[in-house]
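Lettering of chains follows the sequences in order, A, B, ..., and the numbering in each one begins at 1. The structure presented is a predicted model; accordingly, all values stated were derived computationally and were not measured. Side chains included, hydrogens not; waters and symmetry mates left out as well; all remaining heavy atoms used.
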Protein chains: 2
Amino acid sequence: MIKLGKLTDYAIAVMGQLVHEAADSSAQGEGTMSSSAHYLSSRTGIPEPTIAKVLKMLAKGGLVVSARGAAGGYRLAKPAGQISIGEIIAVMDGPVAIVSCVDPGQEPCMMSETCPTRHGWSRVNDAIKSALDGVKLTEMLSAPACGKVHDFMKGEDAGCA
Amino acid sequence: MIKLGKLTDYAIAVMGQLVHEAADSSAQGEGTMSSSAHYLSSRTGIPEPTIAKVLKMLAKGGLVVSARGAAGGYRLAKPAGQISIGEIIAVMDGPVAIVSCVDPGQEPCMMSETCPTRHGWSRVNDAIKSALDGVKLTEMLSAPACGKVHDFMKGEDAGCA
DNA sequence: ATAAACAGTACTTATTCAGTACGATTAGGA
DNA sequence: TCCTAATCGTACTGAATAAGTACTGTTTAT
Ligand code: FES
Ligand code: FES
C-alpha cells in the first residue's frame with residue numbers, strides 16, 4: 001500500500017514535461033507560452049482524457065495555471081525548483097496519512113482502548129513527509145551520475161555505484 | 001494512497017501486544033511462552049479470524065514464530081528492540097515501491113520513452129524506507145512526553161509541545 | 001460566428017483489499 | 001488410543017477505492 005496512484009505518477013511525468021516546455025519557450029523569449037492537453041498527451045503518451053483529468057486536478061491544486069479559449073493551455077505556476085514531489089502527491093492523493101484510524105470523520109478506532117500503538121505515528125508520518133518535500137521536481141529530472149533507471153525494487157540498492 | 005492497509009495497522013498492534021506478553025512471561029521466567037490467536041484477539045479487540053490471518057502473514061514473514069498443536073501460539077521471533085516498523089510493513093504490504101511502473105513482471109511503462117521522471121525515484125524510495133526502518137517497535141510503544149494520541153492529520157503539527 | 005481549449009460533474013468499469021470459510025495438519029493430554 | 005486445541009494453507013465472497021470515460025458548459029482567439 002505504500003505506493004502512489006497511477007494518476008500521481010502521470011502527474012509527475014506531466015509536470016516534468018511542462019518543465020521542458022517552459023525551458024524551451026523561455027529560450028525563445030516566449031516565457032508565458034502554454035501547452036495544451038492534446039499536445040502534452042502526444043508528448044507523454046498518456047491518453048488524452050486521462051491527462052486532461054490530471055491537469056484539471058493540478059490546476060485546482062494550484063500547481064499549474066490554465067489559459068482557456070483557443071490557443072489556451074497549461075503552464076507551471078512557479079519555477080520548477082520550487083515545486084516538490086510532496087506537493088504534487090498532496091494535490092493528487094491528498095495529504096499523507098499513513099494510518100487509517102486517524103482519518104477525521106471516522107470512528108476513532110476499533111481498538112483505541114487497548115491498542116498500544118496510539119502514540120508514535122506522527123513521527124513516522126513527518127519523516128515521510130519531509131522525505132517527499134525534500135525532493136524537488138528539478139532533481140527528479142536530472143539524470144543521476146550513472147545511467148540507471150529506477151529499478152530499485154528489484155535489488156537492494158540500485159543507487160549509482 | 002500513501003497509507004497503510006488495515007491489516008498492517010493491526011499487525012503493529014498485535015506485535016505490540018506480543019511485546020507485552022514477552023515482557024510479562026520473562027518476568028515470570030517463562031521466556032518461551034506463546035500466545036494463542038484467541039487470546040490476542042481478546043486483548044486487542046481485533047476479530048479472531050482477522051487476527052489469525054495477520055499472525056499467519058507475520059509468521060510467514062519470519063517476524064513471529066508459531067507453535068502448533070494444543071497449547072500452541074505465537075511469540076516474537078526476536079527482541080522487540082530489533083524489530084522495525086519498516087520490517088512489519090514490508091511483510092504485510094510487500095516491499096516499499098512508490099511507483100507502479102517499476103513492478104517486475106509488468107510492462108516497463110506506458111511512456112518509458114518520453115517520461116522525464118525515469119531517474120530519481122530510488123532516492124525518494126530510499127528516504128521513505130529509512131524513515132520507516134529507523135523507528136523500532138519499542139519506540140512506537142513508549143508514550144511521548146505529552147499524553148497526545150496520533151491525531152497529526154488534523155493539525156499541522158500535533159507533536160508534543 | 002466559429003473553433004479550440006479548459007471546467008466541472010457524473011457515470012461506469014476495473015482493481016484491490018478486507019473479511020470469512022473450510023479442510024488439513026500438528027501436538028498435547030485424558 | 002482418541003479427542004481436543006491450536007496453527008497452516010488456500011480459496012472464496014463482498015465491499016471499498018481508484019481509474020478511465022463521457023458529456024455539457026464556459027471561455028477566448030481568430
Ligand atoms: S490502530 Fe487505531 S488507535 Fe491503534
Ligand atoms: S512513469 Fe514509468 S518510466 Fe516514468
(request) Measure the distance from CD1 on A/I89 to P on D/dA18 and round it to the nearest whole Å. (result) 15 Å
(request) Establish, with yes or no, whether the OP1 or OP2 oxygen of C/dA4 is under 4.0 angstrom from a side-chain nitrogen or oxygen of A/Y39. (result) no
(request) Would you indicate which nucleotide in C/dT20, C/dG8, C/dT25 comes nearest to any side-chain atom of B/P47? (result) C/dT20
(message) Using whole Å, what does the distance between atom P of nucleotide C/dA7 and atom CD of A/E48 come to?
(response) 14 Å
(message) Looking at B/Q82 and B/P79, would you say the former's side chain and the latter's main chain have a donor-acceptor pair under 3.5 Å?
(response) no
(request) Using only side-chain N and O atoms of B/Y10, determine if any of them is under 4.0 Å from OP1 or OP2 of C/dA18. (result) no
(message) Membership question, hydrophobic clusters at under 4.5 Å side-chain separation (ILVMFWY): are B/V65 and B/Y74 in the same one?
(response) no
(message) How many whole angstroms separate atom NZ of B/K6 from atom P of D/dA16?
(response) 8 Å
(message) From CZ of B/R68 over to P of C/dT26, roughly how many Å is that when rounded to an integer?
(response) 6 Å
(request) Quickly work out the A/L18 CG to C/dC6 P distance and round it to whole Å. (result) 11 Å
(message) With nearest nucleotide decided by heavy atoms, which residue, A/K53 or A/A71, maps closer to the 5′ end of DNA chain C?
(response) A/A71
(request) Report, as yes or no, whether the 6.0 Å neighbourhood of atom NZ on A/K60 holds more than 12 heavy atoms from other residues, nucleotides or ligands. (result) no
(request) Specify the separation, in whole Å, of atom CZ of A/R75 and atom P of C/dA5. (result) 16 Å
(message) Quick one: does any side-chain atom of B/S41 pair with a main-chain N or O of B/A37 as donor and acceptor, under 3.5 Å?
(response) no
(message) Once you apply a heavy-atom cut-off of 4.0 Å, does A/A52 come out as touching a base, just sugar-phosphate, or nothing?
(response) nothing
(message) On the nucleotide C/dT20, are OP1 or OP2 found under 4.0 Å from the side-chain N or O atoms that B/T50 carries?
(response) yes
(request) Find which nucleotide of DNA chain C each of A/K56 and A/G69 is nearest to by heavy atoms, and output the residue with the more 5' nucleotide. (result) A/G69
(request) Quick one: label A/L7 by what it contacts on the DNA or RNA (base, sugar-phosphate, nothing), any heavy atom closer than 4.0 Å. (result) sugar-phosphate
(request) To the nearest Å, give me how far apart CG (A/L55) and C1' (D/dA19) are. (result) 16 Å
(request) Using atom CE of A/M92 as one end and atom P of D/dT17 as the other, report the distance to the nearest whole Å. (result) 18 Å
(message) Just to verify, which of B/L55, B/I46, B/I51 counts as forming a side chain to side chain contact (heavy atoms under 4.5 Å, CB included) with B/Y10?
(response) B/I46
(request) Identify whether any heavy atom of A/K60 sits under 4.0 Å from a base atom; if not, whether one sits that close to sugar-phosphate; answer base, sugar-phosphate or nothing. (result) nothing
(message) Check this one for me: any side-chain N or O of A/S66 less than 4.0 Å away from OP1 or OP2 of C/dA7?
(response) yes
